[in-house]
Asker: 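I'd like to ask some things about the structure below.
A note on names: the letters A, B, ... follow the listed sequences, proteins ahead of strands, and every chain is numbered from 1. Here the structure is a predicted model, which is why all the values come from computation and not from measurement.
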Amino acid sequence: MAVDMLKKVPVREQDPAERARNFDEVCLGYNKEEAMMESERCLNCKNARCIEGCPVSINIPAFIQAVKEDDVKKAAGIIAESSALPAVCGRVCPQESQCEGRCIRGIKGEPVSIGKLERYVADTAREMGIKPEVKAEKKNKKVAVIGSGPSGLTCAGDLAKSGYDVTIFEALHKAGGVLVYGIPEFRLPKEKVVAPEVANVEALGVKIETDVVIGKSTTVDALLNDEGFDAVYIASGAGLPKFMNIPGEQALGVYSANEFLTRNNLMKAYRDDYDTPIARGKKVVVVGGGNVAMDAARTALRLGAEVHVVYRRSEAELPARVEEVHHAKEEGIIFDLLQNPVEILEDENGWVRGIRVIKMELGEPDESGRRSPVEIPGSEYEIECDTVIMSLGTSPNPLISSTTKGLDTNRRKCIVANEETGATSKEKVYAGGDAVTGAATVILAMGAGRAAAKGIDEYLSN
Amino acid sequence: MFKIREAVMLCENICKQVIEAPRIAKTCEPGQFVIVRADETAERVPLTISDYDRKEGTVTITTQIIGASSYKLSQFKSGEYIADITGPLGRPSEFVEEPIDEVRKRKYLFVGGGLGTAPVYPQVKWCKENNVDFDVVIGCKTKELLIMEKEYEEVAGEHYHLTTDDGSYKHKGMVTSVMEELIAAGNHYDVCVAIGPMIMMKFAAKTALDAGIHTIVSMNPIMVDGTGMCGACRLVVDGEVKFACVDGPEFDAAKVDFDGAMKRMALYKTEEGRAFLKAKEGDTHHGGCGNCN
Ligand SMILES: Cc1cc2nc3c(=O)[nH]c(=O)nc-3n(C[C@H](O)[C@H](O)[C@H](O)COP(=O)(O)OP(=O)(O)OC[C@H]3O[C@@H](n4cnc5c(N)ncnc54)[C@H](O)[C@@H]3O)c2cc1C
Ligand SMILES: Cc1cc2nc3c(=O)[nH]c(=O)nc-3n(C[C@H](O)[C@H](O)[C@H](O)COP(=O)(O)OP(=O)(O)OC[C@H]3O[C@@H](n4cnc5c(N)ncnc54)[C@H](O)[C@@H]3O)c2cc1C
Ligand code: SF4
Ligand code: SF4
Ligand code: FES
């Protein structure tokens, strides 16, 4: 088959009508033949601009060359130099604004499908049983990592490779952070992809202690002073949900996206063999337009509801990844754009019966550069629904910062940390990922984990 | 995995389990709770710590069987293992963190209704150990459902006042009637802590507040993570939205919207009821103590 150099080799996906009723992965990924065809499209640029677009600077042309040569082991090795979670990033990175956004191929046609190739390499390497190598000599120093999301896993993995004795403390009963409780199965399979990535980190000698809430079960100071840890890396994410503070938000049937997704993903409420219940609404309104909103909407759809996404700006401003919006539309999610909720309406039993929204128009650009929505007076109307999912963003949980002496936070409750080393205002304490930046991306959280591992290694080596 | 050192049924529908959880036992305080997941497919169930032993590294949970999840948990026997226990969660009771000299100047009135008997216990025990003056009122529906009598006799002696709704044992009447009698007899209380079914807390709080007593209640909304991540446990306190798992579970009764909280508790009741019936196939489930709702 001839390759159209202007277009990506199409990736196989589950049929939209079919997948709207199941939780299996939407994107099926490239097989060997497709991957090798797509790899031919890479020009192996000398000044590879794609690398600049990748927050962890994966040597993209080099790994794609290895795919061309059908040397997956080599490709996996090249990626592993920069990324600890390629099977995850290949699936969930906002590639269009990162690596692929810079690809030279994208000037005239479609960029090289870097994410799908990365995913192919990671999945194939896993199937072939290729594991990261452990070489380090033991250093006799202990590091505690708080949180087992992408940032914590990366930092822990890197430190273990350098010979440190690392323990991850995780508040929930399962390791993975947002990768297990937030991002749904149909985008990121838990047993197939996330669990093996966690197992790889454990295979490096990292201990994971679940069910430990730092700030409650014990504190950062106690880890340092009583449990003999020489340094601590805080990667506790940004898990605190926001609500709108509009009337009716206490009604039954109003969820935060976090609750809805946690019930479904972590607690597997969608499966009959698990006990946790979830409301299978008939008509669900999701408020918000980010990745989280798309995930909540597509989850509600799969549970059998008609789903509307209510977002106060227009389609161009939707913060979600383009691919997610596209998938959501294909599956039948209805977008009610340029509208904002003003009240949630309850029936006589306190259950949601609808939501009152006001129409918006775009005005002047705000500080984020996006045109800010302005209410159109008198345009309010009601949307009938039985479930409302609030997906308005999250902020860092103050549980750790409020129980750690001398740890500075900014006015957004984010921990203040040096970008290059992860160092905080408190000696021996490092931080990174969403806990520092506020809600961001998997790859940035990983990058921060990697930087902090270096910072901690330098500190402990002196 | 966490080992159950001891499991006993305290009455027909309340079970007590002593669990080996050294981390929790080391740092927990009265008023705090844990979240338990019995096995891989189980829910995360919040339960108040009803006793702890720092030396032994154990915490005790006391569970009332009211639905599928509490039933499942109650089936775990001594020597078996539960999948998860996380904690201690929530804030300790107010007095734990106040200067002890201030606390000793006060007299406390503890009120436990039904299952609430268990979560009040560590607070009473703490007061006893710290020489804080108190009275305790424990109420239950009927003699058969009475729990922890011996423990209370030991820790509270003559300050332990017991009542049954039907008069089948000791005093006859609701906890509020005993509270009223104690107050009428000239006892002065500075603080009242009332724990039990929402409706009991609502009326106990009213009785205490009417007598001008600062009153604390323990709220038990639906929870998932218990760390402030999901917002399921939100309630309105003094007009503000609070998350019970991190801001509570104990709140100033004068500021709590009991009716709103009771309404939110209704969530899932029907669905879960069905799951439970399915699990028990045919057995008639005569839901709990009957105190709730
Ligand atoms: C629904 C959803 C969809 C998303 N989709 C995408 C996407 O498509 N692409 C993308 O790049 N990004 C996406 N993101 C964002 C991305 O997942 C996060 O930026 C990333 O996971 C942050 O990683 P982290 O390691 O900093 O924190 P997290 O992944 O949040 O992990 C933090 C961990 O710390 C634990 N923890 C918190 N407090 C404590 C404590 N006190 N003690 C012990 N443990 C604690 C938490 O339980 C959690 O496991 C999405 C986020 C969500 C919620
Ligand atoms: C802080 C706190 C402390 C508590 N302490 C105790 C205690 O010491 N002893 C005790 O017996 N009970 C306690 N509870 C209540 C206990 O958690 C519930 O009784 C239990 O979750 C009911 O589960 P079920 O499936 O058996 O009952 P059902 O009534 O059938 O539950 C129906 C469904 O409602 C949901 N549900 C109901 N209540 C809760 C809840 N509070 N949290 C999460 N989900 C809930 C669950 O999803 C459940 O599937 C406490 C609750 C809280 C919040
Ligand atoms: S990690 Fe993300 S940004 Fe970097 S190459 Fe892979 S998909 Fe692109
Ligand atoms: S910019 Fe595009 S074509 Fe060039 S090396 Fe990177 S992926 Fe290949
Ligand atoms: S239980 Fe999730 S925020 Fe309180």
Asker: So which of P241(A), A238(A), G350(A) has the largest heavy-atom pair count under 4.5 angstrom toward chain B?
Answerer: P241(A)

Asker: Within the structure provided, determine whether K174(A) and R37(B) are in side-chain contact (heavy-atom separation under 4.5 Å).
Answerer: no

Asker: Looking at G260(B), G228(B), A21(B), which has the largest count of heavy-atom pairs under 4.5 Å with chain A?
Answerer: G228(B)

Asker: How far does CG of L240(A) sit from CZ of F243(B), to the nearest 0.5 angstrom?
Answerer: 6.0 Å

Asker: Got Y181(A) and C230(B) here, is their nearest side-chain heavy-atom distance under 4.5 Å?
Answerer: no

Asker: Are any non-hydrogen side-chain atoms of E43(B) and P277(A) less than 4.5 angstrom apart?
Answerer: yes

Asker: Please rank D39(B), T27(B), D84(B) by heavy-atom pairs under 4.5 Å with chain A and give me the top one.
Answerer: D84(B)

Asker: What option among A232(B), C28(B), G231(B), P88(B) has the most heavy-atom pairs under 4.5 Å with chain A?
Answerer: P88(B)

Asker: Of T86(B), I35(B), I24(B), which meets side-chain contact (heavy atoms from CB on, under 4.5 Å) against V213(A)?
Answerer: T86(B)

Asker: Side chain from CB out, backbone as N, CA, C, O: work out which of these in S217(A) comes under 4.5 Å of a heavy atom of chain B, or both, or neither.
Answerer: both

Asker: Answer yes when R23(B) and E209(A) have at least one side-chain N-carboxylate O distance shorter than 4.0 Å, and no when they do not.
Answerer: yes

Asker: Would you tell me whether Y274(A) and E40(B) have side-chain atoms, one donor and one acceptor, within less than 3.5 Å of each other?
Answerer: yes

Asker: Measure distances from L399(A) to the heavy atoms of chain B and classify the residue's part below 4.5 Å as side chain, backbone, both or neither.
Answerer: side chain

Asker: In Å and rounded to the nearest 0.5 Å, what is the CG to OG1 distance from D275(A) to T41(B)?
Answerer: 4.5 Å

Asker: Under 4.5 Å between any side-chain heavy atoms of D225(B) and T262(A), yes or no?
Answerer: no

Asker: Minimum heavy-atom separation for L172(A) and M229(B), please, with both atom names.
Answerer: CD1-CE, 4.1 Å

Asker: At a 4.5 Å cut-off on heavy atoms, which part of V34(B) comes close to chain A: side chain, backbone, both, or neither?
Answerer: neither

Asker: Taking all atoms of both residues into account, what is the closest heavy-atom pair of A171(A) and T227(B), and its distance?
Answerer: CB-CG2, 4.3 Å

Asker: Would you mind checking which part of K216(A) comes under 4.5 Å of any heavy atom in chain B, side chain (CB onward), backbone (N, CA, C, O), both or neither?
Answerer: both

Asker: Quick check on A251(A) against chain B: is it the side chain, the backbone, both or neither that has a heavy atom closer than 4.5 Å?
Answerer: backbone

Asker: By a 4.5 Å heavy-atom criterion (distance strictly below it), what part of F260(A) contacts chain B: side chain, backbone, both, or neither?
Answerer: neither

Asker: Please answer whether the main-chain N or O of F243(A) pairs with a side-chain N or O of R234(B) as donor and acceptor at a distance below 3.5 Å.
Answerer: no

Asker: Is chain A contacted by the side chain of K26(B), its backbone, both, or neither, given a heavy-atom distance below 4.5 Å?
Answerer: neither

Asker: So which of M390(A), Q250(A), K268(A), E249(A) has the biggest tally of heavy-atom pairs under 4.5 Å with chain B?
Answerer: Q250(A)

Asker: Can you tell me which portion of E227(A) sits under 4.5 Å from chain B's heavy atoms? Options are side chain, backbone, both or neither.
Answerer: side chain

Asker: Counting heavy-atom pairs under 4.5 Å with chain B, which one of T394(A), V254(A), L261(A) comes out on top?
Answerer: V254(A)

